[in-house]
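Down below is the structure, laid out as structure tokens.
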Amino acid sequence: VPQVGETQPAPQTTEECVLREGMQVRLQNVLDTIEKERDGHLELSFRNPAVNSCTVEADLRITVPQNIIVIGKEGVSSGGAGTLNAVVKIPEGGERVLAMDLKGMRKGSYIMSFRGTYWPQGNKDLYQPITLQQTLTVIEPSADQSIPPTEQKVANGTAGQPGQETSPDK
């Protein structure tokens with residue numbers, strides 16, 4: 001029993017973060033058809049169910065196919081030729097959304113891939129894989145393929161990633 005003026009050390013917790021339910025990762029608000037006057041759009045949503053009672057971290061690599069340009073982004077950064085990277089932390093019961101606006105340079109179908117892992121904060125040994133893909137169809141190349149001066153060019157698949165193109169019309 002502490003005496004007046006004495007303090008006790010804070011109790012030590014040995015409770016480990018446990019994922020009772022897997023993180024929900026999905027594509028939403030997808031405009032997967034790119035036309036001359038209409039850009040494409042993708043949003044990648046990460047939701048950490050409140051039942052997990054801990055923060056989840058995720059590390060993701062996004063492969064941008066040839067002839068697709070990412071012109072606007074939220075939550076992603078350039079990862080080099082034809083790739084984007086995202087590292088996110090999602091608190092219990094929270095959601096994080098990554099958004100990308102897309103332009104097409106050449107008519108055809110293209111596959112955009114999302115691969116990575118997520119884990120309970122502080123315990124990478126309990127990682128789980130993330131694998132998603134989205135087919136984009138360029139009906140007609142974007143009329144304006146330039147990047148607005150206020151936008152930093154994020155990724156252009158034309159700098160690499162051969163073989164991602166599935167059925168271009170050359």
Side-chain angles (χ1 to χ4, degrees), residues 19 21-50 52 55-119 127-148 150-170:
L19 294 181
E21 184 177 326
M23 188 167 64
Q24 299 162 359
V25 182
R26 66 185 181 105
L27 290 162
Q28 63 186 27
N29 297 326
V30 174
L31 284 174
D32 59 357
T33 302
I34 300 170
E35 297 180 39
K36 186 175 185 175
E37 299 297 332
R38 187 181 77 175
D39 295 336
H41 181 81
L42 292 175
E43 291 180 3
L44 187 63
S45 167
F46 296 86
R47 186 177 172 281
N48 180 11
N52 287 335
T55 297
V56 173
E57 297 183 52
D59 183 6
L60 191 70
R61 186 158 182 96
I62 303 162
T63 303
V64 181
Q66 277 187 305
N67 297 313
I68 299 295
I69 301 172
V70 177
I71 56 162
K73 64 172 175 46
E74 184 178 321
V76 296
S77 60
S78 180
T83 61
L84 300 169
N85 293 317
V87 177
V88 296
K89 289 184 181 184
I90 308 99
E92 63 184 88
E95 183 173 23
R96 179 79 190 271
V97 177
L98 309 178
M100 293 156 272
D101 293 317
L102 313 161
K103 288 190 178 280
M105 296 175 61
R106 178 179 279 171
K107 186 176 176 180
S109 274
Y110 305 91
I111 297 173
M112 200 160 174
S113 301
F114 306 83
R115 298 195 194 301
T117 55
Y118 69 90
W119 59 91
Y127 76 91
Q128 295 293 317
I130 299 170
T131 305
L132 292 167
Q133 67 180 23
Q134 178 65 46
T135 300
L136 305 170
T137 303
V138 178
I139 302 295
E140 197 172 354
S142 300
D144 179 9
Q145 295 180 12
S146 65
I147 299 182
T150 57
E151 293 280 346
Q152 180 182 7
K153 184 165 138 180
V154 178
N156 177 348
T158 61
Q161 307 308 320
Q164 292 294 320
E165 202 170 312
T166 59
S167 63
D169 179 29
K170 297 183 185 205

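The residues of the chain are indexed from 1 along the displayed sequence.
Of all heavy-atom pairs between Pro129 and Tyr118, the closest is O-CE2, 4.1 Å. The heavy-atom pair separating Trp119 from Tyr127 by the smallest distance is CB-CA, 3.8 Å. Contact between Ala86 and Gly75 at its shortest, heavy atoms only, is CB-O, 3.7 Å. Taking all atoms of both residues into account, the shortest heavy-atom contact from Ile71 to Leu102 is CG1-N, 4.4 Å. Of all heavy-atom pairs spanning Ile90 and Asn48, the tightest one is O-ND2, 3.1 Å. Closest heavy-atom contact between Ile111 and Pro65: O-CG, 3.4 Å.
Looking at His41 and Asp39, their side chains never come closer than 4.5 Å, going by heavy atoms from C-beta outward. Counting heavy atoms from C-beta on, the side chains of Met100 and Ile62 come closer than 4.5 Å. For the pair Ile130/Arg115, no side-chain contact is recorded, criterion being any heavy-atom separation below 4.5 Å from C-beta on. For the pair Val88/Glu57, no side-chain contact is recorded, criterion being any heavy-atom separation below 4.5 Å from C-beta on. By the 4.5 Å heavy-atom criterion applied to side chains, Lys89 and Pro91 are not counted as neighbours. Proximity of Asn85 to Leu60: side-chain heavy atoms (C-beta onward) are nowhere separated by under 4.5 Å. Looking only at side-chain heavy atoms (C-beta outward), Thr137 and Ile34 stay at 4.5 Å or farther from each other. At least one side-chain heavy atom of Leu44 sits less than 4.5 Å from a side-chain heavy atom of Phe114.
A side-chain donor-acceptor contact under 3.5 Å links Lys103 to the backbone of Asp144. Side chain of Ser142 to backbone of Gly104: a donor-acceptor contact under 3.5 angstrom is found. Side chain of Asn52 to main chain of Glu21: a donor-acceptor pair is present (N/O by atom type, distance under 3.5 Å, no hydrogens or angles). Side-chain atoms of Asn67 do not come within 3.5 Å of backbone N or O of Met105 as any donor-acceptor pair.
Interatomic distance, Leu31 CG to Arg38 CZ, rounded to the nearest 0.5 Å: 5.5 Å. Atoms CD and NZ, from Glu140 and Lys107 in turn, are 8.0 Å apart once rounded to the nearest 0.5 Å. For the atom pair Leu98 CG and Leu84 CG, the distance stands at 10.0 Å (nearest 0.5 Å). Interatomic distance, OG1 of Thr33 versus CG of Leu136, reported as 8.5 Å (0.5 Å rounding).
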For this session: Walk me through it: do Leu42 and Met112 pass the test side chain to side chain contact (heavy atoms under 4.5 Å, CB included)?
Result: CA-CA 10 Å; Leu42 292 175; Met112 200 160 174; 3.4 Å; yes
Problem set entry | Leu132/Gln134 under side chain to side chain contact (heavy atoms under 4.5 Å, CB included): CA gap, chis, key distance, verdict | CA-CA 7 Å; Leu132 292 167; Gln134 178 65 46; over 6 Å; no
For this session: Applying side chain to side chain donor-acceptor pair (under 3.5 Å), run through Glu95 and Ser45 and close with a yes or a no.
Result: CA-CA 7 Å; Glu95 183 173 23; Ser45 167; 2.4 Å; yes
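Using modelled atom types and a 3.5 Å distance limit, the side chains of Glu43 and Asn29 yield a donor-acceptor pair.
By the 6.0 Å contact criterion, CD on Gln28 is enclosed, its count of non-hydrogen atoms from other residues, nucleotides or ligands being greater than 12.
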